[in-house]
Visitor: 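Can you read through this structure? Questions will come right after.
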Amino acid sequence: MNQSDIRELLKGVSIFSAMDEAVLSNLAGLVVTKEYPKDSLVFSQDDPGDAMFVIARGRVKVVLYGESGREVVLSVFRAGDFFGEMALLDNLPRSANVVTLEAATLIVLQRDTFRRYLEQHPSAAFSVMAELCRRLRKADEIISNLSLLDVYGRVARLLRELAQTDGEEIEGGGIRIRKRPTQQDIAGMINTSRETVSRALSEFQRRGLLDLQGKTIILRPQFYRESGA
Ligand code: CMP
């Protein structure tokens, strides 16, 4: 890629788009581009951070590896996105691994170039913060979904236990829990709020896994197959 290609590309990236031609030309002269085949490791979690990257071509994934090698993909970035800014801003090691999903061309800004650029152009620093906020909001949403799922699993497990100790089989399949605890009691037993229990029960009912009848609950055969308990 020549310098004017790089300048054009930077223009399309949120944190550079408000800059005039002279600033972008100057920046384009300070960066290098690097080619990566598919499935290459751009950097590993815990590496020291010496540069940030803008994607000119291809896609990458931001990934953590669990103990058993299980992958947790935090995000996928594509042309026009940037990554690797965190270690340059907080001076800590890389927070995650980045691996190419296809052949990729990356524009590399060295630490000093990036930091100086932000110091000289506060509006670009605000753009970086806006992008960090966007990523945090997305992460918040994922955390909220995960912890809700976790609570649904706990509600389901408790119902299964109650069915074992206080349940009777009913005609046509399923088990009736004769005296169901109140939603408040269930909430206390699994350390969550009454509102969350109410949402979980409604969701199970909506999916046809159980019926709430007066003071009893009927767990349908599907409950045992699909509730995740
Ligand atoms: P850095 O910590 O330098 O290296 C890994 C990069 O992955 C990080 O900077 C961010 O650019 C990116 N990253 C880390 N966590 C997330 C996340 N939750 N969502 C999106 N991008 C992330």
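All ligand and atom numbering here is 1-based and tracks the order in the structure.
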Visitor: Measuring from each atom of ligand 1, which residues have a heavy atom under 4.0 Å away?
Guide: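 Contacts of ligand 1 under 4.0 Å: Phe43, Val62, Leu74, Ser75, Phe77, Phe83, Gly84, Glu85, Met86, Ala87, Arg94, Ser95, Ala96, Arg135.
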Visitor: Is Arg94 salt-bridged to Asp47, cutoff N-O under 4.0 Å?
Guide: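 No salt bridge links Arg94 with Asp47.
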Visitor: Output yes when Arg135 and Glu85 qualify as a salt bridge under the 4.0 Å nitrogen-oxygen rule, no when they do not.
Guide: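 A salt bridge links Arg135 with Glu85.
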Visitor: Applying the side-chain contact (heavy atoms from CB on, under 4.5 Å) test to Ile218, which of Leu209, Ile170, Ile177, Leu210 qualifies?
Guide: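 Single pass found, and it is Ile170.
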Visitor: Closer than 4.0 angstrom, basic N to acidic O: yes or no for Lys38 and Glu102?
Guide: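 No, no charged N to carboxylate O under 4.0 Å.
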Visitor: By side-chain contact (heavy atoms from CB on, under 4.5 Å), which residues pair with Lys34, not counting sequence neighbours?
Guide: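 Testing Lys34 for side-chain contact (heavy atoms from CB on, under 4.5 Å), a comparison that skips the adjacent residues, returns Tyr36, Val108.
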Visitor: Hey, is Glu119 close enough to Arg116 for a salt bridge, meaning N to O under 4.0 Å?
Guide: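 Salt bridge flag = no for Arg116 with Glu119.
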